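For reference, the structure discussed in these notes is given below.
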Amino acid sequence: PGRRDPQVRARLCPGPRVDLADRIHASTFCIMAKLVVVALLPAALGLAPGLAPLARPALTPVRASAPLMAAIAPETAAAPSAAVDELPGFSGLHGKAMRVEAADVPSKAQVKAAVPKHCFTRDTKKSLGYAAISVAQSLACLAAGTLIPLKAAFLPLWVAYAAVAGTVWTGMWGVAHECGHAAFSDNKRLETAVGYLLHTVLLVPYFSWQHSHAVHHGHTNHITKGETHVPAVVGGRAGIENTGGEAELANARRFGKGPWGALQLVLHLVIGWPAYLLWGATGGPKYGTSNHFVPARPFSSALWDVRKGWASKVWQSDVGVVAMVAALAALATKVGAASVLALYAGPLAVVNMWLVGYTWLQHTDVDIPHLSADEFSYMRGAFLTVDRPYGRIFDWFHHRIGSTHVAHHIDCTIPHYHAKEATDAIAAAFPKAYLYDPTPVHKALWRVASNCIAVKPRADGRYTWVPV
């Protein structure tokens with residue numbers, strides 16, 4: 001309340017005269033830009049199935065919708081308390097997550113009573129419509145990429161292509177994500193087929209990820225059973241906590257927050273996703289060294305419940321990934337490996353960056369704790385999720401995966417096209433527990449990378465970040 005909508009100003013600056021090579025660059029980029037604009041028209045004009053125009057105002061003033069780079073005035077910070085002392089600083093939440101007690105967190109039944117019933121209803125036609133739009137937008141970007149000459153002089157344009165195409169392709173990932181959560185359709189065969197296909201195209205082992213991601217949802221910010229982005233603990237106990245917190249802090253202090261934060265960004269965003277798939281990087285100690293492609297030795301099988309058939313489903317996921325790799329290899333023999341790398345591998349790397357960045361910021365910040373086994377509950381973990389302002393464009397392409405994630409963690413079967421309404425209802429009914437950080441995302445990402453290094457246990461069962 002009281003937050004002003006940010007103003008977006010565009011400036012047209014005349015440039016110098018250009019030579020022939022620059023004209024080629026400009027014309028190719030214009031083609032790409034036009035294709036992206038065409039891809040955005042359904043959102044801008046409200047022509048997509050069941051969609052309102054992007055310019056529609058927010059339904060409630062509880063949460064601000066802001067562009068990624070907008071400067072948002074911080075809310076007045078609450079007075080310090082014993083719960084928030086010795087933190088490395090404050091996010092835009094001003095320590096709110098640390099002041100939420102177990103008694104403040106509603107039950108799932110209470111949340112479902114507060115959210116309109118239709119928000120839990122899946123519309124297969126609407127879901128297919130969004131899937132088709134994401135695929136069409138992705139193909140438009142791919143078509144634009146084929147217009148760029150494969151020459152060193154065009155490297156800047158190839159980088160721009162990878163950034164734009166990867167951002168757009170993340171929408172297909174989001175649709176497959178909904179399929180994995182049973183939020184796409186009540187027709188489970190159709191849902192599985194769509195999810196398997198879209199994830200396979202992006203080299204994601206569908207069933208393997210579906211299960212590991214469900215484990216993540218079931219144990220969000222659990223210091224032992226958390227499945228991703230579980231921090232190292234100072235004085236950590238092997239088997240209960242990730243050890244090595246002292247070494248992490250020592251390195252950060254030796255190199256400095258700036259260089260160490262930059263290194264963390266590279267490690268997370270560039271190699272974080274393949275490291276997660278190949279050896280369970282950032283997972284809790286319960287699962288050991290897991291692998292999303294091999295559910296057996298030499299890797300730990302603790303993540304894959306053999307009795308429920310998940311190990312066999314991992315192998316089923318591999319079939320799709322191997323087929324996709326084979327298809328890419330066959331294409332490379334015809335058009336050249338360099339073309340395949342430029343057109344496919346570049347955007348895929350950007351998709352992976354988005355995935356890690358989203359998950360990192362959804363559950364991590366300087367004043368967001370992890371919980372011990374005694375203090376943890378499913379709903380308490382869900383309410384430690386944070387919604388952030390990604391802006392209308394990214395929300396459109398990515399189906400609001402970052403701005404309505406609290407509702408998604410409370411009940412992952414809510415389709416994304418109902419998630420905004422569900423989020424508004426949750427924020428209004430449970431203002432003390434609901435977390436929304438208005439910090440521009442790029443600033444939040446740097447704050448997390450440079451400050452969230454290792455945690456220490458507290459007497460109240462919380463694990464909080466240690467100042468660098």
Side-chain angles (χ1 to χ4, degrees), residues 21 24-25 27-29 31-36 39 131-132 134-177 179 193-209 266-267 269-279 281 291-294 314-357 397:
I24 296 174
H25 280 248
S27 62
T28 308
F29 183 79
I31 294 172
M32 291 176 58
K34 289 176 181 178
L35 285 170
V36 172
S134 285
V135 170
Q137 291 172 158
S138 299
L139 291 175
C141 289
L142 185 62
T146 63
L147 303 176
I148 306 174
L150 197 62
K151 298 179 179 179
F154 288 83
L155 180 59
L157 198 53
W158 277 113
V159 172
Y161 162 76
V164 173
T167 297
V168 174
W169 291 10
T170 304
M172 294 193 297
W173 207 104
V175 172
H177 166 261
C179 293
V194 172
Y196 189 97
L197 176 62
L198 293 181
H199 261 172
T200 296
V201 166
L202 298 172
L203 297 183
V204 178
Y206 178 72
F207 294 118
S208 307
W209 167 86
V266 172
L267 292 176
L269 301 182
V270 177
I271 70 170
W273 179 249
Y276 167 72
L277 292 180
L278 293 174
W279 62 83
N291 185 291
H292 281 69
F293 302 97
V294 182
V314 171
W315 298 117
Q316 293 174 34
S317 303
D318 292 348
V319 172
V321 173
V322 170
M324 183 62 189
V325 171
L328 291 170
L331 181 62
T333 62
K334 294 185 177 182
V335 302
S339 293
V340 173
L341 288 174
L343 287 168
Y344 179 81
L348 184 64
V350 174
V351 171
N352 295 342
M353 290 180 187
W354 272 108
L355 304 180
V356 174
F397 280 126

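Keep in mind it's a predicted model, so treat the numbers as computed, not measured.
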> Would you say the side chain of Trp354 lies within less than 4.5 Å of the side chain of Thr167, judging by non-hydrogen atoms?
Replying inline: yes
>> Tell me the closest heavy-atom pair linking Ala338 and Leu150, and the distance in Å.
In response: CB-CD2, 3.7 Å
>> Just to verify, which of Trp273, Trp209, Tyr276 counts as forming a ring-ring contact (aromatic ring centres under 6.0 Å, His included) with His292?
In response: Tyr276
> Which atom names give the shortest non-hydrogen contact between Val175 and Ser134, and what distance separates them?
Replying inline: CG2-OG, 4.1 Å
> Got a second to check how far Ile148's CD1 is from Leu343's CG, nearest 0.5 Å?
Replying inline: 8.0 Å
> Rounded to the nearest 0.5 Å, how far apart are OG of Ser208 and CG of Asn291?
Replying inline: 8.5 Å
> Just how far is it from atom CG of Leu328 to atom CG of Leu348, taken to the nearest 0.5 Å?
Replying inline: 9.0 Å
> Just wondering, do Phe207 and Tyr196 contact through their side chains at under 4.5 Å, heavy atoms?
Replying inline: yes
>> If you compare all heavy atoms of Met324 against all heavy atoms of Leu203, which two are closest, and at what distance to 0.1 Å?
In response: CG-CD2, 3.6 Å
> Taking all non-hydrogen atoms of both residues, which atom of Trp169 and which atom of Pro347 are closest, and how far apart?
Replying inline: CZ3-CB, 3.5 Å
> Any side-chain heavy atom of Phe293 within less than 4.5 Å of one from Leu278?
Replying inline: yes
>> Give me the atom names and distance for the closest heavy-atom approach of Gly272 to Val356.
In response: C-CG2, 4.1 Å
> Between Tyr161 and Trp158, how do the two ring planes meet: parallel, tilted or perpendicular, split at 30° and 60°?
Replying inline: perpendicular
> How close do Leu198 and Val135 get, heavy atom to heavy atom, and via which atoms?
Replying inline: CD2-CG2, 3.9 Å
> If you round to the nearest 0.5 Å, how far is CE of Met172 from CG of Leu197?
Replying inline: 9.0 Å
